[in-house]
**Student:** 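Shown below is the structure under consideration.
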Amino acid sequence: MSVTTNNFYGAKGRRKIYHISKVLDENVKKLKSDKIPKDFRPRIDGPSVGWKTFFRQQEAFSYARRKSSDLHVFSFESESLGSETGQRMFLVASYPVFWHYYRQLDQQKKTHYELIPEGSVCKLYFDLEFPKENNRNCDGSTMTDIFIKYVTRWMEEIFKVQCSKEHVLSLDASTEKKFSRHLIFQLKKTAFQDNIHAGNFVKFILQKLKVEINKLKKNLSDVLDFDETSFISKSDNSSDEQTVPCVNRLDSQRRSQEQDKNNHKASKVMDRFTEEELLSMVVRNKNNEETLFCDQGVYTKNRNFRLYQSRKFGKSNPLVISEDNLYIPPKDEVMSYEHLIFNDSLIANIEYSPALRILQFALVCQFSNRLSSGNVEAKTCGKAEDIVEGFTKSPYPEIDNFISSTLKTDSKAGRIRHWTYFSQGELIVYDIVGYRYCHNIEREHKSNNIMLLADLKRGVYYQKCHDPECKYLSYKSPDKSIPKEALPSFYFDESFDEFDEGVDDMDILNAALEMEKTIDDRINENMDKT
DNA sequence: GGTTACGTATGTTCGGC
DNA sequence: CGAACATACGTA
């Protein structure tokens, strides 16, 4: 299959593009065959390279999921007749294919976004911005340095992760009117569970910053006898929705201890900043209201995050490397510097490694509202949090089902408590509860749970576990194969395409029903325990 | 033939007091 | 009356 240029370009550039796409196809073929042993990836055999545009996000995800392998969804703003805003479209390709094609586009046509998939492991990232007009005396570069320092102190305090400005890829899209940057943290062997968790962490540390700044402002107004309204009033009520780093099973007692600990941590972090530094992160937005210059709105599901070298449709300020960026990608003999930067700029481009640390940060009270409705006993935060983790279906429901089916013995049935999906790596890590058979010790563990890893690339799964002994040996059970009907490649045939919507709707409906059932079961379980 | 997700504002329903 | 839920609209 060749790259379809028709949907993506006007008729004009088609000839040129045809040549490019031919070269591309060849490169890609070579790349793929180098990377992947043939017998492991029957579905990738042959000339076919996943590449397709869609009008709907859902269709793009379905396609990428079915073809699996290393495909990712991007979006872009395509020109449409008589519209000053581009029509958003979706595009599925692997990272190398995407780059080879994207890099050759006219600057003007680079209006592309990464789709940070719901539930896939991701980097810590930030969007920093303020209108220059309302912040004449602000120096964005200095503010960014302070902000990075602020974030890294918290990373150290909460996760014991060490990092500094050298680990932060800084991209700039500033104009005369607006300061605008993206920060993408390049942490070795460390990633967030997904962008919601990353967002929880960000919101938590920004909340602490707001509280601290309000204290400073209050002192200031007391001294000066001013009665200024307190800064960022809208979010002040969120102080009742305290956030806590994800610690499983917090009862309310533990929770308040946790909060004390947090307050202690907060002052430990805050003490390392001068008042001036803290206050420097406050700006006025375009309505001239005070706010932080870090945008909190970029941590939503399936968030579109503008790509390196891309601009908003019709604008002329692409994201380029900031002049004060200190991050240098590790040298590579094959890939160009730009290519390396592109790869590192991708938020969900995380390579799986057994040593990868996955950071979680849950809002403890996030779900308690839903459970409450009268029964105060039933809504302790810890339990709510337990329920939150792990019942959403992974991007591969067929594999979920297969994995679940392997957890049954005559006496008991385990279940998937949690999954972690590696967007790049064609790998799903399942945390299992209720079934602890470990191939290493050839019996069940007494107190540690096991995990199952599904390697979609090779079509196999194997078992590892949380037991310290097994972990120390980095024990991994022999591979077992996943039946082909559970693998995405089973649906590889193009003729399935026309059934897309029907199948998806059913899937969604079933998943929804299943999920409700799971929630109900778990609520009941927890009620039983109390 | 064709966006998506979410915050905010505003409207509506419902049950307790 | 207010909480909970529904609908509409604007924004990126």
Side-chain angles (χ1 to χ4, degrees), chain A residues 4 6-8 10 52-64 72-92 111-120 122 125-131 171 173-175 177-182 194-196 198-200 202-203 206-207 232-238 240-241 285-287 289 291-307 310-315 317-319 347-348 363 365-376 379 392 497-498 500-501 504-505 508:
Chain A
T4 57
N6 283 0
N7 291 339
F8 206 70
K52 212 168 164 164
T53 58
F54 299 86
F55 290 107
R56 308 252 180 214
Q57 180 176 283
Q58 193 60 246
E59 294 166 10
F61 274 123
S62 308
Y63 179 83
H72 300 269
V73 180
F74 300 87
S75 74
F76 63 98
E77 297 169 297
S78 118
E79 44 214 325
S80 64
L81 290 154
S83 173
E84 71 178 50
T85 164
Q87 166 72 46
R88 182 154 58 174
M89 302 239 286
F90 303 90
L91 160 57
V92 174
T111 57
H112 293 58
Y113 296 76
E114 175 184 7
L115 241 125
I116 304 167
E118 181 180 7
S120 84
C122 73
Y125 63 100
F126 295 94
D127 180 25
L128 304 179
E129 57 181 17
F130 61 81
L171 301 179
S174 297
T175 63
K177 299 215 174 238
K178 193 179 169 192
F179 174 84
S180 168
R181 280 194 188 187
H182 284 183
D194 57 33
N195 73 330
I196 306 299
N200 289 340
V202 173
K203 284 164 200 165
L206 293 186
Q207 178 64 28
I232 320 174
S233 51
K234 269 180 195 167
S235 50
D236 275 352
N237 64 356
S238 63
D240 57 18
E241 191 183 324
N285 66 14
K286 57 176 187 278
N287 301 323
E289 299 151 344
T291 181
L292 296 176
F293 82 134
C294 172
D295 182 359
Q296 293 190 52
V298 294
Y299 306 101
T300 54
K301 73 171 181 176
N302 297 328
R303 161 65 38 175
N304 286 230
F305 209 54
R306 191 143 52 97
L307 288 178
S310 270
R311 61 192 72 201
K312 284 181 184 161
F313 185 82
K315 297 283 177 63
N317 54 322
L319 277 162
I347 308 300
L363 290 169
C365 285
Q366 215 166 26
F367 274 65
S368 57
N369 298 345
R370 292 204 199 164
L371 295 175
S372 66
S373 287
N375 191 343
V376 183
K379 72 160 192 178
T392 8
D497 278 5
E498 56 202 56
D500 270 1
E501 276 179 28
D504 282 355
D505 286 347
I508 290 163

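Sequence lines set the chain letters: A, B, ... in the order given, protein chains first and strands last, and positions in each chain run from 1. Scope of the values below: all heavy atoms of this structure, side chains included, with no hydrogens, waters or symmetry mates.
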**Student:** Please state the C1' separation for the pair dT3(B) and dG10(C) - nearest whole angstrom.
**Tutor:** 15 Å
**Student:** Can Y113(A) and K312(A) be said to form a side-chain contact (heavy atoms from CB on, under 4.5 Å), step by step?
**Tutor:** CA-CA 9 Å; Y113(A) 296 76; K312(A) 284 181 184 161; 3.7 Å; yes
**Student:** Verify the contact: side-chain N or O of Q57(A) to OP1 or OP2 of dA5(B), cut-off strictly under 4.0 Å; return yes or no.
**Tutor:** yes
**Student:** Between dA5(B) and N302(A), is there an OP1 or OP2 to side-chain N/O distance shorter than 4.0 Å?
**Tutor:** yes
**Student:** Measure distances between side-chain N and O atoms of R56(A) and base N and O atoms of dT3(B), and say whether any donor-acceptor pair falls under 3.5 Å.
**Tutor:** no
**Student:** Can you find a side-chain donor-acceptor pair between T175(A) and N317(A) that sits under 3.5 Å?
**Tutor:** no
**Student:** For E129(A), run the salt bridge (charged side-chain N to carboxylate O under 4.0 Å, His left out) check against R181(A), K286(A), K178(A) and tell me which one passes.
**Tutor:** K178(A)
**Student:** dA12(C), OP1 or OP2 - any side-chain N/O from K286(A) closer than 4.0 Å?
**Tutor:** yes
**Student:** Among dG2(B), dA5(B), dT3(B), find the nucleotide with the atom closest to the side chain of F90(A).
**Tutor:** dT3(B)
**Student:** So what does N304(A) touch, heavy atoms closer than 4.0 Å: a base, only the sugar-phosphate, or nothing?
**Tutor:** nothing
**Student:** Using a heavy-atom cut-off of 4.0 Å across all strands, would you classify K312(A) as base, sugar-phosphate, or nothing?
**Tutor:** nothing
**Student:** How far, in whole Å, is dA12(C) from dG1(B) if one measures between their P atoms?
**Tutor:** 31 Å
**Student:** Just checking Y299(A) against Y125(A), ring centres under 6.0 Å apart?
**Tutor:** yes
